Amino acid sequence: MLDVKFIRENPELVKQGLLNKNAKDIVDEVLELDEQRRSFIAKTEDLKAKKNQVSSQIPQMKKAGQDTTGVFAEMKRVGDEIALLDGQLRDVEDKLDNILRSTPNLAHSSVPVGATAEQNVEVRQWLPEGFSFTNDFKVLDHIELGKKHSILDFERGTKISGSGFPLYMGKGATLERSLINFMLDSHLNDHGYSEIFPPVLVNRESMKGTGQIPKMEEDMYFIEKDGLYPVPTAEVPITNIHRDEILAEKDLPIKYVGYSPCFRREAGSYGKDSKGFLRVHQFNKVEMVKFAKPDNSYDELEAMVKDAEDILKALKIPYRILLLCTGDLSFSAAKCYDIETWSPAENKWLEASSCSNFENFQARRANIRYRKEDKKLEFVHTLNGSGLATSRLMVSLLENYQTPEGKIIVPKVLQKYTGFDVIG
RNA sequence: GGAAAGGUGGCAGAGUGGUUGAAUGCGGCAGUCUCGAAAACUGUUGUCCGGUUUACCGGAUCGGGGGUUCGAAUCCCCCCCUUUCCGCCA
């Protein structure tokens, strides 16, 4: 969440930043509440100081045998007044907190200003050798391929759970598992991350820490009986590993990678890109998370994007990198690159990864700090990126690796994981 | 699910309702000693908020929230969590 002090000192900057992010301008309201808050603090602390001063004298008065009834009555009155003011102070603070928690992060200055995804900027594109956007045979989409080889069964998935819960069978299941293992191994061995296998049900504090709550609450599953949320991404448990902690400067950046299934209700998005794997309630994702120092967090972001790209290069899947404009940035992000992979059947790019720098927005909520050389405490910057999500990746993989005969070649780097080199 | 014990500073661990932000130990930092290091000794060492603005003052803070009281780490109530034992179980 944004820092009140920062808003107080840079009101115009924040107003413009919120406008750029298509967010509600809360600056004036925040300044007003902040003013009230500080005035209540001044009043109540004055009284408390008085109370403390008198209280410290009471033992001596009693020892000296002085009459304390007058002082007690006076202090009782002061106590009541403090209670009243504290109540009003808390109301103001609650209001302020609610507003700030529901206000998105501001974009970094290097992010292009724009209202919608139309203004996103393509940064680069990578195509495997010999790739062509057109095929001289009729390409099947991933659903047809899945059915043809009995590796994906969306109908039965629906029977078991409901729509949007994919069922992988046979070589499809093996391929999915291989993909996950390959990605984890790459990040561990080639990119210097350490592995996390996180809990996938998390409490409310964790969801607040990374910013899914309160703003995206409707998109989250919730297990009422136990007050737990199935994670929408491993970002939540992994980032919360260090909630309420003080990290050592020498340990930064901390780089974690972990696999988890991801659960999303996708409330209100039915009918749009919803067939097959394109929009699902449960999918698998390997997630990279970094805790970085503020002065080099943007270098870490670039490095993270490259880490994700390496996976696609190894798999030889065509992709492009988009720099999201201010209006398309997610709630908590200050800067974000999307990686999209090519789907020949859909004839379009599909988002398979999103790498973001949240600066101290999450760290402030989750209270994750580090101690600097000069002993001062400062919030870390948190980053995360999919490395990558298997569902959309699987669409591109199956479709790009199909042969004119309708077989599916297993990418070279996956073969030692799958134990087979072709499906069909 | 049943029973019991317990949640105090970076960690361990005291704490009688009244100068207790909190003994003590460890750790951290600085200094003395040393060619240097270790050991020893000395000092120092939480965080957040408000005001002032290098150093100063004030407030809050002993799992969370209420209550009793002039005054709560300490007494009462509710909630959360941890540990141990029993039961159940992948």
Side-chain angles (χ1 to χ4, degrees), chain A residues 1-9 30-101 197 199-209 213 222-229 237 240-252 254 261 291 360-380:
Chain A
M1 77 186 160
L2 299 178
D3 183 9
V4 188
K5 259 186 239 160
F6 183 80
I7 298 175
R8 199 191 299 154
E9 283 156 20
V30 165
L31 291 180
E32 168 66 24
L33 286 168
D34 181 48
E35 196 59 48
Q36 287 180 27
R37 170 177 150 266
R38 285 187 292 157
S39 134
F40 276 124
I41 287 174
K43 283 186 206 160
T44 189
E45 287 193 350
D46 236 32
L47 290 172
K48 284 177 184 172
K50 182 177 172 190
K51 186 187 84 170
N52 287 343
Q53 209 218 332
V54 173
S55 284
S56 70
Q57 285 165 357
I58 284 176
Q60 280 104 62
M61 289 178 70
K62 287 182 113 173
K63 211 174 277 176
Q66 291 176 31
D67 178 30
T68 52
T69 49
V71 181
F72 282 6
E74 167 70 3
M75 285 303 104
K76 173 86 181 152
R77 205 184 51 71
V78 171
D80 291 345
E81 204 175 333
I82 290 171
L84 187 74
L85 285 169
D86 269 347
Q88 292 172 314
L89 172 61
R90 186 188 295 195
D91 286 348
V92 170
E93 284 182 329
D94 284 352
K95 261 190 226 166
L96 194 56
D97 192 62
N98 278 334
I99 292 171
L100 291 174
R101 280 192 180 277
F197 210 141
V200 296
L201 298 183
V202 302
N203 59 31
R204 193 173 173 82
E205 270 314 299
S206 295
M207 293 291 269
K208 280 164 94 170
I213 284 180
F222 180 53
I223 299 167
E224 200 163 346
K225 201 169 177 183
D226 299 287
L228 294 169
Y229 298 81
N240 276 282
I241 287 173
H242 294 300
R243 170 152 51 87
D244 291 322
E245 288 186 14
I246 294 167
L247 307 172
E249 183 169 24
K250 66 176 167 56
D251 294 336
L252 300 178
I254 294 173
F291 301 83
N360 65 23
F361 190 83
Q362 290 181 329
R364 198 175 284 283
R365 294 176 160 238
N367 192 30
I368 306 169
R369 295 171 295 175
Y370 76 104
R371 196 173 292 280
K372 298 197 294 182
E373 206 73 61
D374 61 6
K375 308 278 181 285
K376 291 249 174 63
L377 292 174
E378 184 164 315
F379 289 110
V380 299

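Lettering follows sequence order; numbering is per chain, from 1. For clarity, every value in this text was computed on a predicted model and none was experimentally measured.
Atom name P, nucleotides B/U83 and B/A12: the rounded distance is 14 Å, in whole Å. Annotation: B/U19 and B/C86 have their P atoms spaced 45 Å apart (nearest Å). Distance check on atom C1': B/A55 versus B/U61 gives 24 Å, rounded to whole Å. With C1' as the reference atom, B/C26 and B/U45 are 14 Å apart, rounded to whole Å. Between B/A72 and B/C62, the two P atoms lie 11 Å apart (nearest whole Å). To the nearest whole angstrom, the two P atoms, one in B/C41 and one in B/G18, are 34 Å apart. Using C1' as the reference atom, B/A23 and B/U74 are 15 Å apart when rounded to the nearest Å. For the C1' atom pair drawn from B/G50 and B/G64, the interatomic distance equals 24 Å after rounding to whole Å.
Between the C1' atom of B/G65 and the CG atom of A/D94 lies a distance of 13 Å, rounded to the nearest Å. Between A/N52 atom CG and B/G59 atom P the separation is 5 Å, expressed in whole Å. Taking atom CG of residue A/D226 and atom C1' of nucleotide B/C80, one finds them 14 Å apart after rounding to whole Å. Rounded to whole Å, the distance from NZ on A/K250 to P on B/G10 is 17 Å.
Salt-bridge check for A/R90 with A/E93: failed, with every basic side-chain N at 4.0 Å or more from each acidic carboxylate O.
Note on A/D46: nothing from the nucleic acid sits closer than 4.0 angstrom, heavy atoms only.
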Starting at the 5' end of nucleotides 43-52 of chain B, put B wherever the base has a protein heavy atom under 4.0 Å, S where only the sugar-phosphate does, and a dash everywhere else. ----SSBSS-

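Between A/N240 and A/S206 the shortest heavy-atom distance is ND2-O, 2.8 Å.
Rounding to the nearest 0.5 Å gives a distance of 9.5 Å between CZ of A/F379 and CD1 of A/I368. Note that CZ of A/R364 and CE of A/M1 are 7.5 Å apart. Values are rounded to the nearest 0.5 Å. In this structure, the separation between CG on A/D86 and CG on A/D91 is 11.0 Å, given to the nearest 0.5 Å. Between the CG atom of A/D34 and the CD1 atom of A/I99 there is a distance of 11.0 Å, given to the nearest 0.5 Å. One distance of note links CE of A/M75 with NZ of A/K50; it measures 5.0 Å at 0.5 Å rounding. Separating the CG atom in A/L85 from the CG atom in A/D80 is a distance of 11.0 Å, to the nearest 0.5 Å.
Applying the side chain to side chain contact (heavy atoms under 4.5 Å, CB included) test between A/L247 and each of A/R371, A/H242, A/R369 identifies A/H242 as the sole match.
Where A/F72 and A/S56 meet RNA chain B, the nucleotide closest to each residue was compared, and A/S56 sits on the side nearer the 5' end.
Taking a 4.0 Å limit (strictly below) on heavy-atom distances, residues 79-92 of chain A reaches RNA chain B at A/R90.
Nearest to the side chain of A/A49, among B/A60, B/G71, B/G58, sits B/G58.
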Taking only Watson-Crick and G-U wobble pairs with both distances under 3.5 Å, what dot-bracket line describes RNA chain B, where [ ] shows pairs that cross earlier ones and | shows pairs with another strand? ((((((((.[[[..)..(.....]]]((((((.......))))))((((((....)))))).[[[[[..)....]]]]])))))))....

Stepwise salt bridge (charged side-chain N to carboxylate O under 4.0 Å, His left out) check, A/E81 with A/K51: CA-CA 11 Å; A/E81 204 175 333; A/K51 186 187 84 170; over 6 Å; no

